[in-house]
Amino acid sequence: MPASTVFQPATETFGQFTVTQSPARALSPEAEARKAARRHFLIGAGFVAGLIALFGVVSVADRTLFPEPQLTAQEQAYFATTVD
C-alpha cells in the first residue's frame, strides 16, 4: 500500500490557498451559543441541586447528632396547665 493512501495530511495547499479539514463537525455560532447556554444552565441547576442536597445532609446529621429532648408526662401536664 503506498504511503500516500495511508497518510492523509490535515491541510492541502493549492497555490496560495490552503484548505483545512476540521477534525470535528463545525457548528454555526447560533448552535454554539445554544450549546453553551444549555451547558451553563445544567451547571447552574447542578449547583442548586448540590446546595439543596448539602443542606439536607446537614439537617439529617444535626437531627442525628443532637436529637430534640422529649418532654416527660409530668412536663407535658405542667405545660398544659400553664397555657390554659
Side-chain angles (χ1 to χ4, degrees):
M1 184 179 287
S4 62
T5 58
V6 175
F7 174 71
Q8 295 292 328
T11 61
E12 298 176 7
T13 305
F14 299 102
Q16 297 177 356
F17 302 101
T18 301
V19 178
T20 60
Q21 300 171 354
S22 64
R25 201 171 57 150
L27 296 176
S28 68
E30 293 84 11
E32 288 287 340
R34 283 192 305 270
K35 186 177 176 182
R38 186 180 316 120
R39 183 174 49 232
H40 290 167
F41 172 76
L42 290 175
I43 289 171
F47 179 75
V48 170
L51 280 178
I52 292 170
L54 174 70
F55 288 135
V57 167
V58 168
S59 174
V60 168
D62 180 52
R63 280 187 274 151
T64 302
L65 296 174
F66 307 104
E68 289 291 324
Q70 299 297 322
L71 296 177
T72 63
Q74 182 182 4
E75 290 170 337
Q76 288 177 358
Y78 176 73
F79 180 73
T81 57
T82 57
V83 171
D84 287 339

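Hydrophobic clustering, defined by side-chain heavy atoms of Ile, Leu, Val, Met, Phe, Trp and Tyr closer than 4.5 Å, groups Leu65 together with Phe66. The hydrophobic cluster analysis finds Leu71 isolated: no Ile, Leu, Val, Met, Phe, Trp or Tyr side chain comes under 4.5 Å of it, directly or through other members.
The side chain to side chain contact (heavy atoms under 4.5 Å, CB included) check on Ala31 picks up Leu27, Ser28, Arg34, with sequence neighbours excluded. With sequence neighbours excluded, the residues that form a side chain to side chain contact (heavy atoms under 4.5 Å, CB included) with Val60 are Arg63, Thr64.
No side-chain donor-acceptor contact under 3.5 Å links Ser59 to the backbone of Phe55.
Listed here is the closest heavy atom pair of Gln70 and Glu75: O-OE1, 4.3 Å.
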For residues 37-51, run the donor-acceptor check on the side chains, cut-off 3.5 Å, and write out each pair with its distance to 0.1 Å, sequence neighbours left out.
none

